[in-house]
Structure formats: structure tokens, C-alpha cells
Amino acid sequence: MADVVEDRSPQVRRTVVKTLVVLAGMFGFAFALVPLYDVFCQVTGLNGKTSTSAQTLVYEGVDTERTVTMQFVTRGSAGLPWKLEAHSRQVRVHPGQSTEVYFTFRNLGDQALVARAVPSVTPSPASLHLRKLACFCFDNQRLAPGESFEAPLVFQLTRDLPEEIKTVTLVYTLYPQDQGPEVATVADGAPGSDKGRRPASGKDPGGEA
């Protein structure tokens, strides 16, 4: 009987090792699934995900025969006493042209906080045709208590935007962030995201309310 138990011991050990390896592989796959899904969404435009870095202007001419309504929606986040406002709730643009609009950030709380405005686009297919040339959403933003600032969004809708899409909605949702190295402030700014950032002073001209 003892010989039988000893004979089975190596098999049991191999089975346990294989099981642990499989479990470790499953855990690693699950851990990597989230960033892979984010990349997939950015590439395909699934769920309205957009690029997280500055894109270049596509020089393809402006389609003056077509006009698209670009809407801007801003949302706060629980526990974050910030307010984000679009100076123009919507603008009408031609595919192929570049357009600049401004947003104002305000920290209504009593302590310095770091946050990021995370964009999403509806309808989802439009995210593949929205190019953000400059955007505050590329970096975390830091505001002192009571501080506010204005920051630009420069964007382009490409000419190959599907004809059936007449309105594109860009939604920015504020999320609190841990203070890290990629933080922009009114004083020092951050390349790409903070170009033209300035203390809040008023509404920008142009656009449609």
C-alpha cells in the first residue's frame, strides 16, 4: 500500500504544479485584459473611446457642402468638487476644418486636487473620425482651492465621417486622480495639453449656445 502511495506522489505533484500554472496564466490574462480592451476601444472606436494623445491635422480640404453639429457635454464625479463648463455647448463645423473651443475648470473645494477630463464620443463610429489636435484631456490637471482656468480643445472631423452622422457629441467626465508626474498647473503647464491654458476670464467668442 505504501508503495502505491509513493508511486502516485510524483503524479499528484505534477497535477498540482500544472493547476497552479494554469491559474497563474488565467490571473495574468485577466489582469492584462483591461489595458488590452482599452487599446482595442481606442483603435476601433468601440464605446466612443478616443485617442489619449495629440493627433496631427489631416490636410484633405474642407467639405463646405456639408455641416455637422458638434455638441459638448460635461459631467462631474462623486467626491470631486470641480466644475467643468464648455464655453459653447455646440458649434457647427465642416468636415475637414479645424476648430478651437474653450472650456473652464473650477475647483469649488477647499483643498488642492488633481483630476482628469476623460472623453467619450457618440455615436461611437464618429470617434474614429474625431481628431483632437490639442486637448486638456491628455494630462492630469491640478487646481488649488478656488482656482479656475480656461483651456482649449482644437479638433477636426475628417471628411470621411459617414454621411448619416449629422451630430457628434463629445462628453467629458471628470475623474479624481492621484497626484503624479503628469500634472499640469496654471503656472507651468504641460506640453500638448496645456497650450493656451489661461486663468479663467470669460467666454470665448463664436460658437452657438
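No hydrogens, no waters, no symmetry mates; every other heavy atom, side chains included, goes into these values.
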Here the pair of heavy atoms bringing Ser88 nearest to Phe72 is O-CD1, 3.2 Å

Exercise. Parallel, tilted or perpendicular: which fits the ring planes of Phe149 and Phe105, with parallel below 30° and perpendicular above 60°?
Worked result: parallel

Smallest heavy-atom separation, Phe136 atom then Pro152 atom, equals CD2-O, 3.7 Å

Looking only at heavy atoms, the pair that brings Pro119 and Ala117 closest together is CD-O, 3.6 Å

Exercise. Heavy atoms, side chains only, cut-off 4.5 Å: are Leu84 and Tyr172 in contact?
Worked result: yes

Heavy atoms of His94 and Arg66 approach each other most closely as ND1-O, 2.7 Å

- Does a side-chain heavy-atom distance below 4.5 Å link Thr69 with Val168? no

Close side-chain approach of Gln177 to Leu113, heavy-atom, < 4.5 Å: no

| message | Is the shortest side-chain heavy-atom distance between Leu153 and Leu133 below 4.5 Å? | response | no

Note: Glu150 and Tyr102 closest approach over all heavy atoms is CB-CD2, 4.1 Å

pair Arg116-Phe138: side-chain heavy atoms closer than 4.5 Å: no

Okay, side chain of Glu85, backbone of Phe103: is any donor-acceptor separation there less than 3.5 Å? no

CG of Leu170 to CG of Leu157, rounded to nearest 0.5 Å, is 10.0 Å

For Leu143, is there any backbone N or O sitting under 3.5 Å from a side-chain donor or acceptor partner on Asn107? yes

Can you confirm whether Thr167 sits close enough to Ile165 that some side-chain heavy atom of one is under 4.5 Å from a side-chain heavy atom of the other? no

Quiz item: Do Pro95 and Val68 have side chains that get closer than 4.5 Å, going by heavy atoms?
Solution: yes

ask   = Sub-3.5 Å donor-acceptor pair from the side chain of Gln156 to the main-chain atoms of Gly96, do we have one?
value = yes

